[in-house]
Every structure is written in C-alpha cells, then in structure tokens.
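Here the structure is laid out as structure tokens; the discussion comes afterwards.
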Amino acid sequence: MIFNLRSGLAAVGLTFISQTLFAQDLLMTTLSKELQREFEQLKKADDRLYYMSYRVDDITTYNIRTSFGAVTGIDSSRYRVFSPSIRLGSYKLDNTHNVGFGQFPGNIPVVDDADIITLAVWKNTDNAYKNAVQAYEQILTNKKVKAAEEDSAADFSAAPKVVYHDPPLRYTALRPNVEMLTKNLVAYSSVLKANPDLLMGVANIEFKIVRKYFTDTDGSSIIENGTSAWQSVYSLTKADDGMELPLFRMYYAYEPSELPSKDSVLKEISQMSAKLTALRVAPVADPFVGPAILSGRASGVFFHEIFGHRLEGKRMKSDFDGHTFKNKIGLPVLPAFLSITLDPTVKKVGNTGVNGFYRYDDEGVAAQKVNVVEAGILRSFLMTRTPINGSSGSNGHARTAPGGIPESRQSNLVVKASASKPAAELKELLRAEAKKQGHEYGYYFEDVQGGFTSIGRTMPNAFNVMPVEVYKVFVDGRPDQLVRGVDLIGTPLSMFRRIIAADNTMETFNGMCGSGSGWVPVSASSPAIFVDLIETQKKSKSNERLPVLPRPDLDRTVQ
C-alpha cells in the first residue's frame with residue numbers, strides 16, 4: 001500500500017509538472033496564432049500596415065528586506081507585461097519616425113486559458129493600432145511643414161528569421177531558500193546596527209526569474225529564460241555639517257546559491273561600517289583640477305557614462321542628439337592603447353559574473369559582440385533595426401525595460417589596455433604629475449555609486465560621476481587621506497585626451513542603466529586608469545541637522 005500511494009503521488013506530481021510546462025508553450029502558441037489573425041485582419045482594413053511583433057515578459061520575483069537586523073518584508077509576485085509593436089507605412093518611413101510611438105504595453109493575465117489570453121492580446125493590439133494611426137498621420141503632416149532632417153536613413157530594417165526556444169522553466173526547482181537567505185540578510189544588517197554612527201542599515205535581496213517571448217510577422221519565434229540575483233547592503237551616516245554619506249555593497253549572481261559566502265560578506269560589511277565612521281569626520285574636499293587615478297570600478301562607470309552612451313546608434317537618428325561620434329568612424333577617439341567591446345554573449349568577465357548577458361535582443365535579433373573601439377580607433381556603433389546614415393543593420397543591441405520601446409543600449413562593456421603598468425607604478429605617475437602641476441596631492445577614486453551624462457544639444461554635453469570613496473594621494477608620500485563631498489565632472493571629448501595609462505587589473509561594476517527605454521541590466525569592466533587632468537566640484541548637501549532624538553536602540557532611557 002505504501003508503494004501504491006507513493007506511485008499515485010508521483011503520478012499526480014508528474015501531471016502537475018507537465019501541465020505547468022505545457023502552459024508555457026501554450027502562451028507562445030496563443031501569441032503566434034493571434035498575431036497572424038490580427039495582422040491579416042488589420043492589413044485588410046489598412047494596407048499601410050507592413051510589420052507587427054508581440055513581446056511578453058513573464059516575470060517572477062522574490063524579495064526579502066531587512067533593516068538593522070529586523071525583517072521588514074518578504075514577498076513574491078508573478079506578472080506578464082505585453083508589448084505589441086505595429087508599424088504603418090514602409091521601412092523607409094513609418095509611425096515610429098523619431099518619436100516614441102509604436103508600442104503601447106499592457107498586461108496579460110497569468111492564466112493557462114487561451115481564450116482569456118487572446119482577449120487581452122486583442123484589446124491591447126487594437127489600442128496600439130489606433131495610436132499608431134494617429135502617430136503616422138502626424139508624422140506625414142510634419143514632413144510637409146518642417147525642414148529636412150540631418151539623418152535620411154530608413155526607420156526600420158529587415159532581420160533574419162529566428163526560431164529559438166529555451167525549455168520550459170521549472171519554477172519549483174528555482175524557488176530560492178527563503179529561510180536561509182533571510183537569516184543571512186538579518187546577520188548582515190545586524191552588523192550595521194552595531195555602529196551607533198549609522199542612520200540606516202539595510203540588507204535586501206531580489207531574485208528574478210524571467211521568461212521572455214517574442215514573435216513577429218517575419219516568422220521569428222523566440223523564448224528565452226533568464227535569472228538574476230541582486231543582494232544589496234546599504235548604509236548611511238551624516239556628518240555634523242549635514243552632508244549625507246552613503247556606502248553600499250552590491251553582489252550579483254545568476255542564482256542566489258552563487259552569491260559570495262556569508263563570512264566574506266560579513267567581513268566586507270564590517271569594513272564598510274568602519275569606513276562610514278571615518279567618513280563622518282573626513283575633511284570636505286575643495287574643487288580641484290589636476291591628476292587622478294580611477295579604480296577599475298570607477299573607470300568602468302566613467303566609460304559607461306561618458307563614452308558608451310555616445311555610441312548608442314538610434315540616438316543619432318534624432319536632430320536633438322549631440323552626435324558626438326557620428327562622423328568619426330575610422331578616426332581616433334581614445335588613446336591607442338585602449339580598446340572597447342560591448343559583448344552581451346558572455347556571462348563572465350574573468351571570474352566575475354556580469355549582468356548584461358542575453359541571447360536575443362528585444363527586436364528579435366541575436367546578441368553580438370561589437371568591437372566599438374580598436375586600438376583607439378572608432379569602428380562601430382550599438383545598433384537596433386533602425387539604421388542611421390553610415391550604419392545599417394542591427395548588431396543585437398535593441399533593449400528595453402518590460403513594456404518599453406527598444407532603443408540602442410549598452411550590454412557588457414569591457415575596456416582592455418594593450419600596455420599597462422602595476423598599480424604601484426600608476427600611483428608614482430600620479431605623484432609625479434601632481435608635483436609637476438604644482439599640487440600637493442592628486443586624487444584616487446576608489447568607488448562610485450553611479451553617474452549620469454547629457455548628450456543632447458539643448459544642454460552642455462557634460463558628465464557627472466558620483467564617487468563615494470575618494471582619497472588624496474600626497475606628493476611627499478604621506479599616507480592617503482580619505483575625503484568627502486567630491487563629484488567628478490567634465491566634458492567628454494576633452495576628458496578622453498587626458499587618459500595616460502592603465503594598470504594590469506580588471507574590475508567590474510554591475511548595475512542597472514536607466515535611459516530612454518527604462519532600466520536594463522548592464523556591466524562595465526575596466527582596468528584602473530591614470531588621467532593627468534580631471535575636474536571635481538563639491539557635492540550638494542542637505543542643511544538638515546543630525547537627528548535630535550537618538551536611535552531608539554541606542555537610547556539607554558528607553559525602558
């Protein structure tokens with residue numbers, strides 16, 4: 001009887017699993033059938049229609065949040081974002097011309113019922129078509145009354161048909177060990193609670209499981225699975241003058257089991273806590289123009305912000321873009337010892353997992369490694385299926401957040417130096433250059449929290465990299481001094497000329513990039529670089545005083 005009972009349970013389990021796996025195939029089957037039906041019907045009503053695609057992001061998330069050793073939230077969710085794309089006109093000119101129209105996202109219920117899914121697809125497609133008609137008619141009117149645009153390339157290009165299906169996801173097997181992860185996070189944020197100087201101490205994790213569906217009227221059918229685990233530890237203190245001083249540690253892996261060990265994370269958090277206490281009393285840096293070293297992580301953000309965004313081809317379609325490099329293919333744009341690739345096909349750079357991996361982009365084109373700079377010479381841009389003058393055809397870099405319109409976006413940026421120096425030698429270069437320029441010190445940027453840049457024509461083309469850990473390196477050999485309140489600023493073309501040397505290490509910054517098509521996962525890997533002239537400004541700060549009331553857990557009068 002025990003054997004029979006177990007066999008029965010096994011049969012039920014197998015039936016449930018097979019139904020779950022079948023449901024994932026059902027979604028693609030339903031999407032493909034409805035796309036064909038909608039296209040045929042709309043084409044009969046409007047012969048200007050020439051292309052359609054459907055994209056669905058089926059997303060499952062697990063979130064655990066802690067603060068100062070207490071659990072503040074545990075939750076999970078699953079949802080589907082549906083993004084129809086409708087193109088009226090022709091490859092040369094259609095309703096997406098230099099505007100953000102063409103795609104209007106909606107939601108598809110997380111059900112295994114083809115009729116319910118079909119109704120949701122039909123309703124969203126109908127809305128998208130009506131908006132596409134309005135956009136196209138407005139574009140035709142604008143063409144009659146506005147001056148000719150600088151870029152005359154077509155609005156869209158053909159792409160090879162692709163059929164690729166990852167196997168169905170086994171959600172039960174992917175479910176993380178919530179109990180173990182929660183215990184770890186509580187331990188991490190408890191370390192921060194032990195420091196009375198800290199105003200905030202959180203440790204969180206988000207594990208995301210994504211199954212992406214893409215089908216279009218050219219016959220492509222793509223299903224791609226992806227997972228990502230982000231563990232973040234964030235803390236904040238405040239100096240007596242009101243300046244807020246944050247530090248954080250981010251840990252990325254494809255699955256929670258691949259995250260660093262608990263002991264190694266606890267060690268890093270203890271070091272971070274001590275550094276925050278030191279920052280509270282560190283001197284505020286004055287504005288400075290002189291030499292600096294950017295660590296590999298800082299350098300990666302530097303190249304992502306001030307170089308990578310200027311290689312995103314679809315931006316250059318617009319007359320409002322600065323077109324920094326548009327006419328510089330084949331010309332030197334960086335020192336000859338530097339080369340840069342954007343490669344979404346790799347999961348690791350060295351031994352470090354990178355966040356910008358994918359197999360197919362959001363226009364159904366295979367991801368490709370792009371050598372954008374070779375020995376300082378600009379070779380290529382990051383392209384979608386929207387051509388620009390001088391560059392046609394996609395190289396697999398059309399990306400968007402769920403529900404957005406695909407734009408040219410970065411993936412895994414990798415900076416390589418053909419000639420390098422040991423870190424100690426780079427530091428001696430810094431001291432020598434600071435002395436030559438008449439400075440008492442140069443700067444070393446150890447870590448950054450991110451940055452931003454402006455690339456349009458209506459504002460100065462400038463960048464701002466936001467360091468969180470900066471040191472003065474003194475000419476006379478005194479120990480390095482931690483300082484606070486520094487922002488690294490400048491203009492891109494002048495900054496590129498100041499890169500003199502690189503060290504022989506490689507560090508990676510994993511993060512999320514927020515741009516015109518929303519937040520997408522990216523990474524930037526680079527050696528440390530020596531720059532003979534940078535500019536800094538004082539970081540903005542709050543004028544609010546430190547809290548008048550002590551933290552409750554530190555107030556000895558609390559009973």
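No more than 12 heavy-atom neighbours from other residues, nucleotides or ligands sit within 6.0 angstrom of CZ on Arg497. By the 6.0 Å contact criterion, NZ on Lys328 is open, its count of non-hydrogen atoms from other residues, nucleotides or ligands being 12 or less. Remark: Asp476 CG is packed, more than 12 non-hydrogen atoms of other residues, nucleotides or ligands lying under 6.0 Å away. For Asp241, the CG atom sits in a packed shell: over 12 heavy atoms of surrounding residues, nucleotides or ligands are nearer than 6.0 Å. Around atom NZ of Lys193, no more than 12 heavy atoms belonging to other residues, nucleotides or ligands sit under 6.0 Å away.
When only modelled atom types and interatomic distance are considered, Glu258 and Tyr251 share no side-chain donor-acceptor pair under 3.5 Å. Side chains of Arg297 and Thr508: no donor on one and acceptor on the other come within 3.5 Å. Between the side chains of Ser264 and Ser261, at least one donor N or O lies within less than 3.5 Å of an accepting N or O. Checked by atom type, the side-chain pair Asn195/Thr277 shows a donor-acceptor distance below 3.5 Å.
Side-chain atoms of Asp487 and Met466, non-hydrogen and from C-beta on, do get closer than 4.5 Å to each other. In this structure the side chain of Glu425 reaches within 4.5 angstrom of the side chain of Pro422, judged on heavy atoms. Within the 4.5 Å cutoff, the side chain of Tyr188 has no heavy atoms near those of the Arg249 side chain. In this structure, the side chains of Asn412 and Ser525 stay at 4.5 Å or more apart for every pair of heavy atoms. Residues Ser295 and Tyr444 meet the side-chain proximity criterion, which asks for heavy atoms closer than 4.5 Å. At least one side-chain heavy atom of His309 sits under 4.5 Å from a side-chain heavy atom of Cys513. Looking at Phe509 and Val448, their side chains come closer than 4.5 Å, going by heavy atoms from C-beta outward. With contacts defined as side-chain heavy-atom distances shorter than 4.5 Å, the pair Leu185/Ile205 qualifies.
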Passes side chain to side chain contact (heavy atoms under 4.5 Å, CB included), Trp230 versus Asn355? Steps please.
CA-CA 10 Å; Trp230 276 101; Asn355 195 25; 3.0 Å; yes

The test is side chain to side chain contact (heavy atoms under 4.5 Å, CB included); show your working for Leu533 and Met495 and say whether it passes.
CA-CA 8 Å; Leu533 200 70; Met495 188 72 166; over 6 Å; no

Please test Arg379 against Ile329 for side chain to side chain contact (heavy atoms under 4.5 Å, CB included), starting from the C-alpha separation and ending with a verdict.
CA-CA 5 Å; Arg379 297 299 185 192; Ile329 294 290; 5.9 Å; no

Lys421 vs Glu428, test: salt bridge (Lys or Arg N to Asp or Glu O under 4.0 Å). Steps then yes/no.
CA-CA 11 Å; Lys421 301 177 182 296; Glu428 287 308 312; over 6 Å; no

Evaluate the criterion side-chain hydrogen bond (donor to acceptor under 3.5 Å, both in side chains) for residue pair Ser77 and Thr61; output intermediate values, then yes/no.
CA-CA 5 Å; Ser77 64; Thr61 62; 2.9 Å; yes

Would you please test Met383 and Ile388 for side chain to side chain contact (heavy atoms under 4.5 Å, CB included) and show each step?
CA-CA 9 Å; Met383 298 298 296; Ile388 59 173; 4.0 Å; yes

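In this structure Ser418 satisfies the side-chain hydrogen bond (donor to acceptor under 3.5 Å, both in side chains) test with no other residue, sequence neighbours excluded. Scanning for side-chain hydrogen bond (donor to acceptor under 3.5 Å, both in side chains) contacts around Ser408 gives an empty result, with sequence neighbours left out. In this view, Thr505 and Asp503 satisfy the side-chain hydrogen bond (donor to acceptor under 3.5 Å, both in side chains) rule, not counting sequence neighbours. Partners of Asp480 under the side-chain hydrogen bond (donor to acceptor under 3.5 Å, both in side chains) rule, at least two apart in sequence or in another chain, are Lys427. With sequence neighbours excluded, the residues satisfying ring-ring contact (aromatic ring centres under 6.0 Å, His included) with Tyr443 are Phe288, Tyr441, Phe445.
In this structure, Asn371 contributes its side chain and Thr341 its backbone to no donor-acceptor pair below 3.5 Å. Between the side chain of Ser339 and the backbone N or O of Ala375 there is at least one donor-acceptor pair closer than 3.5 Å. For Arg484 (side chain) and Lys539 (main-chain N/O), no donor-acceptor pair under 3.5 Å exists by modelled atom type. With hydrogens and angles ignored, the 3.5 Å screen pairs a side-chain donor or acceptor of Thr66 with a backbone N or O of Ala203. In this structure, Lys472 contributes its side chain and Ala285 its backbone to no donor-acceptor pair below 3.5 Å.
Electrostatic pairing of Asp75 and Arg65 counts as a salt bridge here, judged by a charged N lying under 4.0 Å from a carboxylate O. Between Asp362 and Arg399 no salt bridge is recorded (no basic side-chain N to carboxylate O distance below 4.0 Å). Look at Arg280 and Asp240 and you find a salt bridge, because one of the NZ, NE, NH1 or NH2 atoms lies within 4.0 Å of a carboxylate O, short of that distance. Ion pairing between a basic and an acidic side chain is recognised when a charged N comes within 4.0 Å of a carboxylate O; Asp447 and Lys275 show no such pairing.
In terms of heavy atoms, Ala366 sits closest to Tyr360 at CA-CD2, 3.5 Å. Here the closest heavy-atom approach between residue Ser189 and residue Ala70 is recorded as OG-N, 4.4 Å. Contact between Ala417 and Leu338 at its shortest, heavy atoms only, is CB-CD2, 4.1 Å. Smallest separation of non-hydrogen atoms from Ala524 and His304: CB-CB, 4.3 Å. Nearest heavy atoms, Leu276 versus Leu245: CD2-O, 3.3 Å. Minimum heavy-atom separation, Lys326 to Met316: NZ-O, 3.1 Å.
Applying ring-ring contact (aromatic ring centres under 6.0 Å, His included) to Phe307 and the options Phe381, Phe496, Phe302 leaves one that passes, Phe496.
Note that CG of Leu192 and OG1 of Thr237 are 11.0 Å apart. Values are rounded to the nearest 0.5 Å. Between Ile489 atom CD1 and Ile534 atom CD1 the span is 9.0 Å, to the nearest 0.5 Å. Atom-to-atom distance recorded for Ser273:OG and Leu198:CG is 4.5 Å, nearest 0.5 angstrom. Within the model, atoms CG of Asn63 and CG of Leu181 stand 11.5 Å from one another, a figure rounded to the nearest 0.5 Å. A distance of 9.5 Å separates CG in Asp361 from CD in Glu224, rounded to the nearest 0.5 Å. In this structure, OG1 in Thr400 is found 13.5 Å from CH2 in Trp519, a value given to the nearest 0.5 Å.
Both the sub-6.0 Å distance and the 45° axial angle are not jointly satisfied by Arg175 relative to the ring of Phe207. A cation-pi arrangement is present between Lys347 and Tyr254, with the terminal nitrogen or guanidinium carbon under 6.0 Å from the aromatic centre and inside a 45° cone about the axis.
The list of ring pair (Phe, Tyr, Trp, His ring centres under 6.0 Å) pairs with a residue in residues 393-424, not counting sequence neighbours, is empty.
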